[in-house]
Amino acid sequence: MTFPAFILGATLATLFAAAMHLWRGGGLGRLLLYQGLAWGGFWGGHLLAQQLGWTLLRLGPLYLGVALLASLLSLAAGHWIFVVQPGE
């Protein structure tokens with residue numbers, strides 16, 4: 001992992017979190033929740049793809065395709081678990 005690849009991955013995950021926050025709204029706590037979910041999903045997906053050899057949209061040392069999908073899935077699952085109340 002190179003430093004520029006880390007910066008690119010962190011930037012993309014942060015943009016996903018910011019987009020989710022703009023879309024769903026909420027305060028600072030929810031923004032931090034989305035940030036943690038996006039980063040965890042992104043780097044978890046990257047590590048999973050690296051271990052399993054999945055090369056969907058590989059960009060240099062980044063396994064970008066799987067990392068982006070994992071980030072989106074993590075954001076959706078986290079929003080559903082932590083934010084959505086029963087009966088909504």
Enquirer: Report yes if some heavy atom in the side chain of Leu57 is under 4.5 Å from a heavy atom in the side chain of Tyr63; otherwise report no.
Expert: no
Enquirer: Under a 3.5 Å distance rule, please check whether Ser71 uses its side chain to pair with a backbone N or O of Ala67 as donor and acceptor.
Expert: no
Enquirer: Is there a path of hydrophobic side-chain contacts, each under 4.5 Å between heavy atoms, that joins Leu15 and Leu8?
Expert: no
Enquirer: Any chain of hydrophobic side-chain contacts (each under 4.5 Å) joining Leu12 to Trp23?
Expert: yes
Enquirer: Out of curiosity, Met20 CE to Leu33 CG, how far, rounded to the nearest 0.5 Å?
Expert: 9.0 Å
Enquirer: Is the shortest heavy-atom distance from the side chain of Leu62 to the side chain of His46 under 4.5 Å?
Expert: yes
Enquirer: Linking I/L/V/M/F/W/Y whenever their side-chain heavy atoms sit closer than 4.5 Å, directly or via other members, would Leu37 and Phe42 fall into one cluster?
Expert: yes
Enquirer: Quick one: do Thr14 and Gln35 satisfy side chain to side chain contact (heavy atoms under 4.5 Å, CB included)? Show the steps, please.
Expert: CA-CA 6 Å; Thr14 301; Gln35 184 68 52; 3.2 Å; yes
Enquirer: If you group Ile, Leu, Val, Met, Phe, Trp and Tyr by side-chain heavy-atom gaps below 4.5 Å, do Leu31 and Phe16 land in one group?
Expert: no
Enquirer: Are Leu59 and Met1 grouped together when hydrophobic residues (ILVMFWY) are joined by side-chain heavy atoms under 4.5 angstrom apart?
Expert: yes
Enquirer: Go through the structure and list residues passing side-chain contact (heavy atoms from CB on, under 4.5 Å) with Leu52, not counting sequence neighbours.
Expert: Leu48, Trp54
Enquirer: Taking Arg58's backbone N and O only, do any of them form a donor-acceptor pair with Thr55's side chain (distance below 3.5 Å, no angle check)?
Expert: no
Enquirer: For residues Leu72 and Leu68, determine if any side-chain heavy atom of one lies less than 4.5 Å from a side-chain heavy atom of the other.
Expert: no
Enquirer: Can you give me the closest heavy-atom contact between Val66 and Gly45, atom names plus distance?
Expert: CG1-O, 3.5 Å
Enquirer: Start with the C-alpha gap between Trp39 and Tyr34, add the side-chain angles, then the distance that decides, and say whether ring-ring contact (aromatic ring centres under 6.0 Å, His included) holds.
Expert: CA-CA 8 Å; Trp39 275 52; Tyr34 292 148; over 10 Å; no
Enquirer: Quick one: closest heavy-atom pair of Ser74 and Gly41, and the distance?
Expert: CB-CA, 3.8 Å
Enquirer: When you measure from the side chain of His21 to the backbone of Gly27, do you find a donor-acceptor pair of N or O atoms at a distance under 3.5 Å?
Expert: yes
